[in-house]
Amino acid sequence: MRIAELEIPGVFVVTPDLIRDERGSFHEALRTEEFTRETGRSFTPAQINYSVSRRNTLRGVHSVTSPPGQAKFVTCVRGALRDFVVDLRVGSPTFGLSVSNLLDTETSRSVYVPEGVGHGFLSLTDDSCISYVLSTAHVPGTQIDIDPLDPDLAIPWGFAEPPLMSEKDAGAPSLAATEAAGLLTPFREPAKAGRP
């Protein structure tokens, strides 16, 4: 498994080593001991969610207040997604920056999203399924929703026609309004790789 930090501090893309033969393939999606050694981040799953989406469905940008905070390990287990992380940590050197990755079943790549960083995706195929392995269980009233089409974020979703969105996402406040409401997590310097 190869683990690389992205342009946003504390966000990692994990690319497994696929073992293929005439039957199909096998891979380790996550080995927490190796992940902690390589990233300096401890990750203990507390809840696992799945969502299934039609082509051109846009979900996000979502995060969780701190406390309780929530890190995510996201993987596309069917279909293909244009996945985005957005730095929502106040005081971060990359505050407001988004980074994209293609998540699909061909590569089985995953993205680790630390606490305070937002997440969203655009489904590129019908019946796409994403798995969210979460560090904390859902606590009602703690979700942060930010307008995924906020012009200040200028996320390059890449849709060719208006995307399918929930009313909640379509009506979500801007990043500036969410910051002004005091809902965002302050930035803390991430641990250096190899040192938990």
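Everything quoted here is computed from the prediction, not taken from an experiment.
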Nearest 0.5 Å, what's the [atom1]-[atom2] distance between [X] and [Y]?
X      : Y      : atom1 : atom2 : value
Ile155 : Asp152 : CD1   : CG    : 11.0 Å
Ser53  : Asp126 : OG    : CG    : 10.0 Å
Ser174 : Ile146 : OG    : CD1   : 8.0 Å
Leu6   : Ser98  : CG    : OG    : 11.5 Å
His138 : Asn49  : NE2   : CG    : 9.0 Å
Ile3   : Thr15  : CD1   : OG1   : 9.5 Å

Would you mind reporting whether [Y] and [X] have side-chain heavy atoms less than 4.5 Å apart?
X      : Y      : answer
Phe187 : Pro9   : yes
His27  : Arg20  : no
Asn56  : Leu122 : yes
Ile130 : Val52  : no
Pro148 : Phe84  : no
Leu103 : Val74  : yes
Thr36  : Arg41  : no
Thr65  : Gln143 : no

With no hydrogens and no angle check, is any side-chain donor or acceptor of [X] less than 3.5 Å from a backbone partner on [Y]?
X      : Y      : value
Asp83  : Leu102 : no
Ser66  : Pro68  : no
Ser135 : Pro45  : no
Asp169 : Gly60  : yes
Ser128 : Gly79  : no
Glu5   : Phe12  : no
Thr94  : Leu97  : no
Trp157 : Phe121 : no
Thr75  : Val77  : no
Arg78  : Asp127 : yes

Is [X] linked to [Y] within one hydrophobic cluster, defined over Ile, Leu, Val, Met, Phe, Trp and Tyr using a side-chain heavy-atom separation of less than 4.5 Å?
X      : Y      : value
Val61  : Ile144 : yes
Val86  : Phe73  : no
Leu18  : Val13  : no
Leu164 : Leu149 : no
Leu184 : Val117 : no

Is a donor from one side chain sitting under 3.5 angstrom from an acceptor on the other, for Asp87 and Ser92?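 Yes, Ser92 and Asp87 have a side-chain donor paired with an acceptor closer than 3.5 Å.
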Quick one: list whatever passes ring pair (Phe, Tyr, Trp, His ring centres under 6.0 Å) with His119, sequence neighbours left out.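 His119 satisfies ring pair (Phe, Tyr, Trp, His ring centres under 6.0 Å) with Tyr132 only.
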Check ring pair (Phe, Tyr, Trp, His ring centres under 6.0 Å) between Tyr112 and all other residues, then give those that pass, not counting sequence neighbours.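 In terms of ring pair (Phe, Tyr, Trp, His ring centres under 6.0 Å), with neighbours along the sequence ignored, Tyr112 is linked to Phe35, Phe43.
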Quick one, Val111 with Val11, criterion side-chain contact (heavy atoms from CB on, under 4.5 Å). Give me CA distance, side-chain angles, the key distance, then yes/no. CA-CA 7 Å; Val111 174; Val11 176; 4.0 Å; yes
Does Arg89 form a side-chain contact (heavy atoms from CB on, under 4.5 Å) with Ile8? I'd like the steps, not just the answer. CA-CA 10 Å; Arg89 299 166 298 182; Ile8 297 175; 3.4 Å; yes
State plainly whether the residues Arg109 and Asp104 are in salt-bridge range, i.e. N to O under 4.0 Å.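 Answer for the salt bridge query: no.
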Checking Ser131 against Ile48 for the side-chain contact (heavy atoms from CB on, under 4.5 Å) test, could you report, in this order, the C-alpha distance in whole Å, the side-chain angles of both residues, the deciding distance, and whether it holds? CA-CA 7 Å; Ser131 166; Ile48 300 174; 4.1 Å; yes
Which one of Glu34, Glu28, Glu33 satisfies the side-chain hydrogen bond (donor to acceptor under 3.5 Å, both in side chains) criterion with Arg31?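 Among the candidates, only Glu28 passes.
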What are the two closest heavy atoms between Pro156 and Arg82, and how far apart are they?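 Looking at all heavy atoms of both residues, the shortest contact is O-CD, 4.2 Å.
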Let me see the working for Arg2 and Asp17 under side-chain contact (heavy atoms from CB on, under 4.5 Å), right down to the final yes or no. CA-CA 8 Å; Arg2 286 152 287 141; Asp17 296 317; 3.5 Å; yes
Output every pair passing salt bridge (charged side-chain N to carboxylate O under 4.0 Å, His left out) with a member in residues 50-72, not counting sequence neighbours, ordered by first then second residue.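 Non-adjacent pairs meeting salt bridge (charged side-chain N to carboxylate O under 4.0 Å, His left out): Arg55-Glu161.
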Among Leu175, Leu183, Thr178, Thr185, which residue meets the side chain to side chain contact (heavy atoms under 4.5 Å, CB included) test with Leu88?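 Of Leu175, Leu183, Thr178, Thr185, side chain to side chain contact (heavy atoms under 4.5 Å, CB included) with Leu88 is met by Leu175 alone.
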